[in-house]
Engineer: 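What follows is a structure written as structure tokens; I'll ask about it next.
The analysis underlying the following values was restricted to heavy atoms, covering all of them including side chains, and did not include hydrogens, waters or symmetry mates.
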Amino acid sequence: MYLTQELELFPDHRVTQMLFKEVKNAVDLRQSAVEGKLHCALINPTMLVNHFQVLVAANKALHLQKTGKMKTRSMYSEIIFNLSPTNNISEAFKRFGTSDGDDAVMVVLVHNKDETQLISDIVAKVDGLQIPVGDISSLSDPAKIKKLYKVTPQEEKCGTLLDAVVCRMATKDVM
């Protein structure tokens, strides 16, 4: 149900993504994350095209943490910030972070390969139905995503929406 991937540049680290729908305790989850009691990123899945998008953001966040160049206070807030096409941190949290009224959430963990207990601890805290991460497109809102990332119809003819999104995420620091 969850997806764990090794990071090529950081082989000691894994990124685990878990997707939930029909979540009833979004308020509590968000509050726990804000207070630092929940060590993960809580992402609004309507703004995600594919789980690869999250993997790119997590990889970049870990790289920035290792080089001491993060723009936010924690690894998990940096993941949310890296999903955004702009450099506005509060805007990134509004668009990609979870809100109290959300009924779906993508949970993202960055951990050492031996830390498997973290996954079951987080799953136990979410009051919702866990679904395969590959089903993210069933919760996505492509129209909102295209508008936010300013993807043109012409651009979609030569590549995918995921290509356009990841390109903007990767180049936001240089634009």
Side-chain angles (χ1 to χ4, degrees), residues 1-5 7 13-62 65 70 72-86 88-149 161-162 165-166 169:
M1 287 292 224
Y2 59 86
L3 176 66
T4 300
Q5 295 168 286
L7 295 174
H13 289 81
R14 307 283 184 273
V15 174
T16 297
Q17 299 178 54
M18 297 169 270
L19 185 59
F20 297 88
K21 67 179 186 177
E22 299 172 18
V23 175
K24 295 171 183 66
N25 64 336
V27 175
D28 299 333
L29 291 172
R30 194 168 93 53
Q31 190 60 38
S32 293
V34 168
E35 293 171 359
K37 295 176 186 172
L38 198 59
H39 300 286
C40 62
L42 301 173
I43 300 170
N44 179 350
T46 61
M47 298 306 294
L48 300 175
V49 179
N50 185 290
H51 59 82
F52 180 71
Q53 181 181 355
V54 176
L55 187 64
V56 169
N59 192 52
K60 185 175 180 182
L62 186 58
Q65 182 188 50
M70 289 195 319
T72 66
R73 294 182 185 165
S74 76
M75 160 75 72
Y76 296 114
S77 59
E78 195 73 17
I79 291 170
I80 294 170
F81 174 66
N82 288 333
L83 289 167
S84 177
T86 70
N88 186 323
I89 295 171
S90 61
E91 187 68 27
F93 277 97
K94 276 188 229 169
R95 301 269 186 206
F96 295 94
T98 57
S99 301
D100 291 347
D102 289 349
D103 65 346
V105 64
M106 169 72 85
V107 179
V108 182
L109 277 164
V110 177
H111 54 93
N112 292 327
K113 59 183 171 185
D114 304 329
E115 296 176 316
T116 53
Q117 183 61 37
L118 291 172
I119 298 166
S120 53
D121 289 348
I122 296 216
V123 169
K125 291 178 182 173
V126 180
D127 183 9
L129 178 65
Q130 188 174 7
I131 61 174
V133 173
D135 291 352
I136 189 77
S137 61
S138 67
L139 302 172
S140 296
D141 188 339
K144 272 186 180 176
I145 295 168
K146 288 175 191 177
K147 183 177 179 184
L148 176 66
Y149 287 96
L161 179 57
L162 178 62
V165 166
V166 170
M169 287 170 50

Engineer: What is the minimum heavy-atom distance between E91 and N88, and which atoms define it?
Structural biologist: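 Minimum heavy-atom contact is N-OD1, 3.0 Å.
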Engineer: Quick one: salt bridge (charged side-chain N to carboxylate O under 4.0 Å, His left out) partners of K37, sequence neighbours excluded?
Structural biologist: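 Checked K37 against salt bridge (charged side-chain N to carboxylate O under 4.0 Å, His left out); matches are E35.
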Engineer: Please say whether more than 12 non-hydrogen atoms of neighbouring residues, nucleotides or ligands are located less than 6.0 Å from CZ in R95.
Structural biologist: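 No, because the 6.0 Å sphere around CZ of R95 holds 12 heavy atoms or fewer from other groups.
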Engineer: Between F96 and L148, is any pair of side-chain heavy atoms under 4.5 Å apart?
Structural biologist: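 F96 reaches L148 side chain to side chain.
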Engineer: So, D102 side chain and A104 main chain: donor-acceptor pair closer than 3.5 Å or not?
Structural biologist: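 Side chain of D102 to backbone of A104, a donor-acceptor pair under 3.5 Å: no, none is there.
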Engineer: CZ/R14 to CG/L62 distance, rounded to the nearest 0.5 angstrom?
Structural biologist: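 Rounded to the nearest 0.5 Å, the CZ-CG separation comes out at 12.0 Å.
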Engineer: Could you tell me which non-hydrogen atom of M18 sits nearest to which non-hydrogen atom of L109, and how far apart they are?
Structural biologist: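 Closest heavy-atom pair between M18 and L109: CE-CD1, 3.6 Å.
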Engineer: Go through the steps to decide whether V107 and L29 satisfy the test side chain to side chain contact (heavy atoms under 4.5 Å, CB included), and finish with yes or no.
Structural biologist: CA-CA 10 Å; V107 179; L29 291 172; over 6 Å; no
Engineer: What is the minimum heavy-atom distance between A57 and N82, and which atoms define it?
Structural biologist: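 Smallest interatomic distance, heavy atoms only, reads O-ND2, 3.3 Å.
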Engineer: At what distance, to the nearest 0.5 angstrom, does CG of D127 lie from CD of E22?
Structural biologist: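 Rounded to the nearest 0.5 Å, the CG-CD separation comes to 10.5 Å.
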Engineer: Short question: side chain of E78, backbone of T72 - any donor-acceptor pair under 3.5 Å?
Structural biologist: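 Yes.
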Engineer: Between the main-chain N or O of P142 and the side-chain N or O of S140, is there a donor-acceptor pair closer than 3.5 Å?
Structural biologist: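 Not at all, since once roles are kept as given, no pair shorter than 3.5 Å links the two residues.
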Engineer: Okay, side chain of Y76, backbone of V110: is any donor-acceptor separation there less than 3.5 Å?
Structural biologist: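 Yes: the side chain of Y76 pairs with the backbone of V110.
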Engineer: Say you draw a straight line from OG1 of T16 to CD1 of I119; how long is it, rounded to the nearest 0.5 Å?
Structural biologist: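 One gets 3.5 Å once the value is rounded to the nearest 0.5 Å.
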Engineer: Would you say S84 and F93 make side-chain contact, with heavy atoms under 4.5 Å?
Structural biologist: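 Contact flag for S84/F93 side chains = no.
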Engineer: Just how far is it from atom CG of D103 to atom CG of L129, taken to the nearest 0.5 Å?
Structural biologist: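 With rounding to 0.5 Å, CG (D103) is 11.5 Å from CG (L129).
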Engineer: Please examine the side chains of L161 and V165, heavy atoms only from C-beta on, and report whether any two atoms are closer than 4.5 Å.
Structural biologist: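 V165 vs L161: side chains touch.
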Engineer: With rounding to the nearest 0.5 angstrom, report the CG to CG distance, D28 to L38.
Structural biologist: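 So the CG of D28 and the CG of L38 are separated by 10.5 Å.
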Engineer: Counting only heavy atoms not in Y2, do more than 12 fall under 6.0 Å of its OH?
Structural biologist: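 No - once you tally the heavy atoms of other residues, nucleotides and ligands closer than 6.0 Å, there are 12 at most.
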Engineer: For residues 43-52, run the donor-acceptor check on the side chains, cut-off 3.5 Å, and write out each pair with its distance to 0.1 Å, sequence neighbours left out.
Structural biologist:
from: N44; atom 1: OD1; to: T46; atom 2: N; distance (Å): 3.0
from: N44; atom 1: OD1; to: T46; atom 2: OG1; distance (Å): 2.7
from: N44; atom 1: ND2; to: T46; atom 2: OG1; distance (Å): 3.3
from: N50; atom 1: OD1; to: F52; atom 2: N; distance (Å): 2.7

Engineer: Would you check if L55 and Q17 make a side-chain contact, meaning some heavy-atom pair closer than 4.5 Å?
Structural biologist: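 The answer is yes; the side chains approach within 4.5 Å.
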Engineer: What heavy-atom pair brings D135 and L19 nearest, and what distance separates the two atoms?
Structural biologist: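 Of all heavy-atom pairs spanning D135 and L19, the closest is C-CD2, 4.1 Å.
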Engineer: Check F81 against A92 and note the closest heavy-atom contact, atom names and distance.
Structural biologist: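 Closest pair (atom of F81, atom of A92, distance): CA-CB, 3.9 Å.
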Engineer: Measuring from atom CD of Q53 to atom CE of M106, what distance do you get when rounded to the nearest 0.5 angstrom?
Structural biologist: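 Here the rounded value is 9.0 Å.
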Engineer: Ignoring hydrogens, what is the shortest heavy-atom contact between V15 and A58? Give both atom names and the distance.
Structural biologist: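 Nearest heavy atoms, V15 then A58: CG2-CB, 3.8 Å.
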